[in-house]
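Any value given below was found using the heavy atoms of this structure, including those in side chains, with hydrogens, waters and symmetry copies removed. Residue indices begin at 1 and follow the sequence shown. Whatever order the structure lists them in is the order used to number ligands and atoms, beginning at 1.
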Amino acid sequence: MRLHYLPLYLVLVTLELSIIYGISAQRNVPKKPLMKSLLPSEALLSIGHYQTSCPNAEGIISQKVAAWVKKDPTLAPAIIRLHFHDCAIRGCDGSILLNHTGSERSAIESKTLRGFQVIDDIKAELEMKCPRTVSCADILTAAARDATLIAGGPFWEVPSGRKDGRNSYASEANMVPHGHENITALIAFFQERGLDMLDLVTLSGSHTIGRSTCFSFMDRIYNFNGTGKPDPSLNVYYLNLLRKRCKGVMDLVYLDVITPRTFDTTYYTNLKRKVGLLSTDQSLFSDARTAPFVEAFATQPFLFTSQFAVSMVKLGNVQVLTRPNEGEIRVNCNYVNPV
Ligand code: HEM
Ligand SMILES: *[C@@H]1O[C@H](CO)[C@@H](O)[C@H](O)[C@H]1NC(C)=O
Ligand SMILES: *[C@@H]1O[C@H](CO)[C@@H](O)[C@H](O)[C@H]1NC(C)=O
Ligand SMILES: *[C@@H]1O[C@H](CO)[C@@H](O)[C@H](O)[C@H]1NC(C)=O
């Protein structure tokens, strides 16, 4: 009778051992940790990551972003751009926020980045409510979503669980496209980060809000390509307007001249009328590979807003640090944790 249970007992003991020691009972079944290591890093992000560890994290972030943007609406585009620059170099790891000597943030190319104080304010509040729990990279990602929503753009759920990186180099800041690249270089830059042409056209739609220094397109209005003439792909009325607005290279003009503060598809209709501000913006409509997407968004606003949500999640997934041995939860977004 008792012997009858012996095989079952052995099975149970083996199972227990396999759980305790992580030994798989069957060799051909991969161990769980192995499965996990085969997953791409972004698969370890999740919606509701802070549900138990810091239940109100997203609420705090959105309240803070709303309060700051209410005081200064120009902070909405600034935060969205900050998130892009973070993800563009070494992935979305909060490295753009590091303020040590020689960091990406300290480079000349990063001089026009703004909104750092918003992230610092959010971080300070979160450190009081849930110390050492919410990463700076996650804060920036969620803040970019909230800023989009406030500007009139779509809402989307933000997957979280990014860790903060410890490396940031000024020499890498010039890798972020600055408005003079050709379309082939733009496509390649996005592709290297797992983003396709549709993502390129969609995310460039962020330029429906915000401003640029004249520095970023000065060549287009006076001496394009060393020809001594303006860029022929610029609408003449727009050209004259820009010449008036740009007295100095640090003067600011809206990226979307028609509806500068509204998150809409006017950015795309502008491109069709040759009133894209940056040469890179206009090239999205000049090139046969990307023009169909511009055309689609210009005529179907819903396509743009729904795709924007999708592409922003993809941007937020770029080269994230999610494994136990990667990155840290910074205590102060400006500095790596002391060892
Ligand atoms: C496709 C390549 C891109 C290029 C070449 C580019 C270039 C630029 C440039 C030159 C500026 C103005 C900087 C200055 O003040 O002189 C700017 C601003 C901005 N960019 Fe981009 N960008 C690109 C993609 C993106 C993406 C993917 C996003 C967001 C997902 C983004 C969001 C913004 C925003 C919101 C601003 C306005 C910032 C403000 O008003 O403070 N850009 N971009
Ligand atoms: C960042 O670094 C600059 C230059 O060292 C300094 O002036 C500034 O106060 C720092 N900002 C923060 C928030 O630590
Ligand atoms: C585009 O830019 C890249 C990188 O700067 C350059 O190598 C390439 O020749 C350019 N292509 C065209 C078509 O101008
Ligand atoms: C600008 O110059 C590049 C090479 O220097 C050339 O490939 C391109 O066609 C020129 N564009 C215009 C509009 O002249």
Participant: Quick one: does ligand 1 sit under 4.0 Å from the side chain of T112, the backbone, both or neither, non-hydrogen atoms only?
Facilitator: side chain
Participant: Closer than 4.0 angstrom, basic N to acidic O: yes or no for R162 and D86?
Facilitator: no
Participant: How far is atom 24 (C) of ligand 1 from the closest protein heavy atom, and which atom is that?
Facilitator: F84 CE2, 3.4 Å
Participant: Considering only protein heavy atoms, which is closest to atom 29 (C) of ligand 1, and at what distance to one decimal place?
Facilitator: S206 OG, 3.1 Å
Participant: Mark whether atom 2 (O) of ligand 2 lies under 4.0 angstrom from at least one protein heavy atom.
Facilitator: yes
Participant: Assess whether a salt bridge exists between K272 and E295, defined as any Lys/Arg side-chain N lying under 4.0 Å from an Asp/Glu carboxylate O.
Facilitator: yes
Participant: Which of the numbered atoms in ligand 1 are below 4.0 angstrom from a heavy atom of R211?
Facilitator: 12 (C), 37 (C), 38 (C), 39 (C), 40 (O)
Participant: What atoms of ligand 1 come closer than 4.0 angstrom to any heavy atom of T280?
Facilitator: 5 (C)
Participant: Specify the protein heavy atom at minimum distance from atom 35 (C) of ligand 1: its residue, its atom name, and the distance to 0.1 Å.
Facilitator: P77 O, 3.2 Å
Participant: Would you mind listing which atoms of ligand 1 come within a distance below 4.0 Å of any non-hydrogen atom of S204?
Facilitator: 1 (C)
Participant: Which class fits the ring pair F263 and F308: parallel under 30°, tilted 30 to 60°, perpendicular over 60°?
Facilitator: perpendicular
Participant: Can you establish whether the number of heavy atoms outside F215 located under 6.0 Å from its atom CZ is more than 12?
Facilitator: no
Participant: How far is atom 13 (C) of ligand 1 from its nearest protein heavy atom, and which residue and atom name does that atom have?
Facilitator: R81 NH2, 3.3 Å
Participant: Can you tell whether the side chains of K64 and D146 come within less than 4.0 Å, N to carboxylate O?
Facilitator: no
Participant: Counting each atom of ligand 1 from 1 as listed, which ones have a heavy atom of L255 under 4.0 Å away?
Facilitator: 18 (C), 19 (C), 36 (C), 37 (C)
Participant: Taking everything shown except E192 itself, do over 12 heavy atoms lie less than 6.0 Å from its CD?
Facilitator: yes
Participant: For atom 3 (C) of ligand 1, find the nearest protein heavy atom and state the residue, atom name and distance (0.1 Å precision).
Facilitator: P177 CB, 4.1 Å
Participant: Hydrophobic cluster membership, with links at side-chain heavy-atom distances under 4.5 Å among I/L/V/M/F/W/Y: are I119 and L98 in one?
Facilitator: no
Participant: Against heavy atoms of F190, which atoms of ligand 1 measure under 4.0 Å?
Facilitator: 1 (C)
Participant: Give the contacting part of F189 toward ligand 1: side chain, backbone, both or neither, where contact means a heavy-atom distance below 4.0 Å.
Facilitator: neither
Participant: Can a non-hydrogen atom of F217 be found less than 4.0 Å from any atom of ligand 1?
Facilitator: no
Participant: What atoms of ligand 1 come closer than 4.0 angstrom to any heavy atom of A78?
Facilitator: 41 (O)
Participant: Tell me which part of L252 gets within contact of ligand 1: side chain, backbone, both or neither, using heavy atoms under 4.0 Å.
Facilitator: neither
Participant: Just by distance, no angles: are the side chains of T266 and T259 close enough, under 3.5 Å, to form a donor-acceptor pair?
Facilitator: yes
Participant: Counting heavy atoms only, which part of H178 comes closer than 4.0 Å to ligand 1: side chain, backbone, both or neither?
Facilitator: backbone
Participant: Start with the C-alpha distance between N99 and Y335, add both sets of side-chain angles, then the distance that settles side chain to side chain contact (heavy atoms under 4.5 Å, CB included), and finish with yes or no.
Facilitator: CA-CA 6 Å; N99 199 30; Y335 306 102; 4.2 Å; yes
Participant: Give a yes or no on whether I139 and Y50 share a hydrophobic cluster (residues Ile, Leu, Val, Met, Phe, Trp, Tyr; joining criterion: side-chain heavy atoms under 4.5 Å apart).
Facilitator: yes
Participant: Atom 13 (C) of ligand 2: which protein heavy atom is closest, and how many Å away?
Facilitator: N334 OD1, 3.4 Å
Participant: Counting from 1, what ligand 1 atoms have a heavy atom of S212 closer than 4.0 Å?
Facilitator: 12 (C), 14 (C), 15 (O), 16 (O)
Participant: Judging by distance only, is a nitrogen or oxygen of N99 under 3.5 angstrom from one on ligand 2?
Facilitator: yes
Participant: For atom 9 (C) of ligand 1, what's the nearest protein heavy-atom neighbour? Residue, atom name and distance, please.
Facilitator: L278 CD1, 3.6 Å
Participant: Quick one: does any side-chain atom of D287 pair with a main-chain N or O of R289 as donor and acceptor, under 3.5 Å?
Facilitator: yes
Participant: Would you mind checking which non-hydrogen protein atom is closest to atom 6 (C) of ligand 1, with the distance to 0.1 Å?
Facilitator: H207 CE1, 3.5 Å
Participant: Geometry only, no angles: is T184 polar-contacting ligand 3 at N/O separations under 3.5 Å?
Facilitator: no
Participant: Heavy-atom contact check, 4.0 Å cutoff: does Y335 meet ligand 2?
Facilitator: yes
Participant: Between R243 (side chain) and I221 (backbone), is there a donor-acceptor pair under 3.5 Å?
Facilitator: yes
Participant: Considering non-hydrogen atoms of the protein only, which is the closest contact for atom 15 (O) of ligand 1, and what is the distance?
Facilitator: T213 N, 3.1 Å
Participant: Relative to ligand 1, is S216 under 4.0 angstrom through side chain, backbone, both or neither, heavy atoms considered?
Facilitator: side chain
Participant: Measure the CG-CD distance between N174 and E109 for me, rounded to the nearest 0.5 Å.
Facilitator: 5.0 Å
Participant: L140, L126: one ILVMFWY side-chain cluster at the under-4.5 Å cut-off?
Facilitator: yes
Participant: Between atom SG of C54 and atom NE2 of H49, what is the distance when rounded to the nearest 0.5 Å?
Facilitator: 10.5 Å
Participant: Evaluate the side chain to side chain contact (heavy atoms under 4.5 Å, CB included) criterion for residues H83 and C92: first the C-alpha distance (whole Å), next the side-chain angles of each, then the deciding distance (0.1 Å), finally the verdict.
Facilitator: CA-CA 8 Å; H83 175 54; C92 314; 4.3 Å; yes
Participant: Does the protein put any heavy atom within less than 4.0 Å of atom 11 (N) of ligand 2?
Facilitator: yes
Participant: Quick check: does R114 get an N/O under 3.5 Å from an N/O on ligand 1?
Facilitator: no
Participant: Could you check whether atom 7 (O) of ligand 2 has a protein contact, counting only heavy atoms that fall below 4.0 angstrom?
Facilitator: no
Participant: Report, in ascending order of atom number, the atoms of ligand 1 lying under 4.0 Å from any heavy atom of L200.
Facilitator: 1 (C)
Participant: Count the heavy atoms belonging to other residues, nucleotides or ligands that lie under 6.0 Å from OH of Y222, then report whether that count exceeds 12.
Facilitator: yes
